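First up is the structure itself, then whatever we jot down about it.
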Amino acid sequence: MPKFPTFQSMDDERPPTKDELKEMIAAFGEPLQMLYVRSRYDAFFNERYPAGSSIQNADDTWLFDFDTRMTRAEDEELRALCWPLATNFVIDLLVGVDNLVDKEEGDLDAMVADLLQLAASYEGAMTDAKLAIVQERFERWRGEAGAAVREGYSDHLTRSTQTHFAMANALANAAQLDSLIMMKIRHHLDGLVRAAATAIDNGPAGPKLDLEPIIGWLTVIGIIAGAPGGPAVMSTVGWVGGTIQKILTELPLEDADEPRMDSPDPDVLHDQVLAAFAQVAEVVKADREKLAGELVAAFEECAALVASGDPAESSRVIPNPNGVDGIVL
Amino acid sequence: MTGLEADPDDLIDAGEITLPYAADFYDELANRLGAIGSSAGRGLIPTMSDSPAGNALGEAVMRCHRFLYAVTEETADSHRAVGASVAEAGYAYRESDRESARGLEMAGDDLTGAAARAFDKADAGEYEYDGGYRFGNFDRAEGGSGYEDALSGSPRQPVDRQDYAIEPEPLFERAAPTDRGGDREPLDERGGR
């Protein structure tokens, strides 16, 4: 069951920011430490008291949330053993978040807005840069020279402005997608962190974190453009939403792949969480590589025209009656 | 203009005014594109150089961004170069027009003769070839000046130029938009002719 039925609902419900995610994780320290204490206690106790102990240390509820049968000093020693373990666990989570949420969405969004504006300027070149006048003048130019300049240059002015427009839009779309991927990652990490919290709460130490788990968070990665229409921000010119929708709907995780994060044993849980991070990274990496491939393929068409050596071809991208040399992707 | 390959003024205007303007326009776009790239900051290039999820899309954006930048710059250069050579062609056409017009010039004697014939006619009182207003022979103008009304009645204000039988001078065959932008009236760039 996906968390979001449509793209819009995902966009409306913004995921926690990177800092909010880290705050959630920072709260894991105490309960994790307790989880480690419980998991280490038996071994530690058996080592110190192979024959059993008669100590009833009723006072250490302030230190641990259960009574131990060791001395206070030994309690402290056990805690000192577990504290770095819990801290490492938390640090691993924080680093995982830092690694995955490594781009500024705001910067990307600003770039998208700028590129869309720029695309509009490219599109308006025929009127704004008065190229239409040039074209019309050259229409009236009879004779061979006129024919040559039309064939190699002025007949392609409209088409080249359209090509520029499409390229700028493709860049805007790509930046937009990169930003959406960041949002998707944060949604995903939100689910991951909550699942980890739930696992910790379900451990013998009992519920402490009380983060509401998200059902079906793992399918979020596949849902982004599940609904028709897709992201409204995308420009429909250039390298477009069709690709995007296909790509984003193609990536639902199989149930079998769903990382399990339910172990009450902190060591196992640690491995499970790291595996979940690795899986997110892997899915996102494939996602990005595929999108990057599509974007480059769209630009390679233009680059091929430019490199064709025939002015009638290259002028579709760069209007120049002498052809273009040395512009490569 | 009939008989010529192109109106030299069209080409000179396009080459010296319009195309350089277009080139500047594209240069400006290239500047904007460059600024977008350099201010994209951590959107394009994350702080962690080795993110486990990679930055394939961001790198592709940078690569394509660079290509579009080169294309824009090259387009600007191309417009500028075409402008220069088209203006040159315009001057060449103008020069050859003058060359060919030279043969059509009236010789001094011919001119004298033609003028003399016109004066003969004028001496004989034949002004019919004239529309009526230009040489002041208002009394013979038909429906033109209202000279007689002016003599007999109250002063009469002409309501429009047709009262003088003056045809508005036709504008040159020029496209409605102007070379220099904005909504201004076409500049009379050929006033000297």
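All chains are named by letter (A, B, ...) in the order of the sequence lines, taking the proteins before the strands, and each is independently numbered beginning at 1. In this text the structure is predicted, and so the values were computed from the model without any measurement. We use all heavy atoms of the structure for the numbers below, so side chains are in, but hydrogens, waters and symmetry mates are not.
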If you tally heavy-atom pairs under 4.5 Å against chain A, which of [options] wins?
options                      : answer
Thr72(B), Thr75(B), Ile45(B) : Thr75(B)
Ala70(B), Ala22(B), Ala56(B) : Ala56(B)
Ser85(B), Gly58(B), Ala53(B) : Ala53(B)

Side-chain touch [X]/[Y], heavy atoms, less than 4.5 angstrom:
X         : Y         : result
Lys103(A) : Asn55(B)  : yes
Pro52(B)  : Lys285(A) : no
Phe67(B)  : Met167(A) : yes
Leu11(B)  : Phe138(A) : yes
Tyr26(B)  : Leu131(A) : yes
Leu44(B)  : Asp107(A) : no

inquiry  = Only heavy atoms, only distances under 4.5 angstrom. Which residues in residues 86-94 of chain B are near chain A?
reply    =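 Answer by number: Val86(B), Ala89(B), Tyr93(B).
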key: Close contacts, residues 76-84 of chain B versus chain A, judged by heavy atoms under 4.5 Å   =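 Ser78(B), His79(B), Val82(B), listed by number.
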Throw together a table of side-chain donor-acceptor distances under 3.5 angstrom for residues 315-324 of chain A, partners on residues two or more places apart or in other chains.
unit_1	atom_1	unit_2	atom_2	d
Ser315(A)	OG	Gly152(A)	O	2.7
Ser315(A)	OG	Pro311(A)	O	2.7
Ser315(A)	OG	Asn320(A)	N	3.2
Ser315(A)	OG	Asn320(A)	O	3.3
Asn320(A)	OD1	Asn322(A)	N	2.9

Name the region of [X], side chain, backbone, both or neither, that has any atom closer than 4.5 Å to a heavy atom of chain B.
X         : answer
Ile185(A) : neither
Ala168(A) : both
Phe277(A) : neither
Ala132(A) : neither
Glu300(A) : side chain

ask   = Does Arg140(A) pair with Asp7(B) as a salt bridge, N-O distance under 4.0 Å?
value =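 Salt bridge: no.
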Candidates Leu68(B), Leu33(B), Val61(B) - the one meeting side-chain contact (heavy atoms from CB on, under 4.5 Å) with Leu115(A) =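 Going through Leu68(B), Leu33(B), Val61(B) one by one, the side-chain contact (heavy atoms from CB on, under 4.5 Å) with Leu115(A) is satisfied by Leu33(B) alone.
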inquiry  = For the backbone of Gly54(B) and the side chain of Arg288(A), can you confirm whether one donor and one acceptor N or O come within less than 3.5 Å of each other?
reply    =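 Such a contact is found between Arg288(A) side chain and Gly54(B) backbone.
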Toward chain B: residues of residues 303-310 of chain A with heavy atoms under 4.5 Å =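 If one takes a 4.5 Å heavy-atom cut-off, the residues of residues 303-310 of chain A near chain B are Ala303(A), Val306(A).
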key: Distance in Å, Asp10(B) CG paired with Glu136(A) CD, rounded so as to fall on 0.5 Å steps   =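 Going from CG on Asp10(B) over to CD on Glu136(A), the span is 8.5 Å.
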query = Can you tell me how far CD of Glu28(B) sits from CG of Leu118(A), rounded to the nearest 0.5 angstrom?
reply =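 Interatomic distance, Leu118(A) CG to Glu28(B) CD, rounded to 0.5 Å: 10.0 Å.
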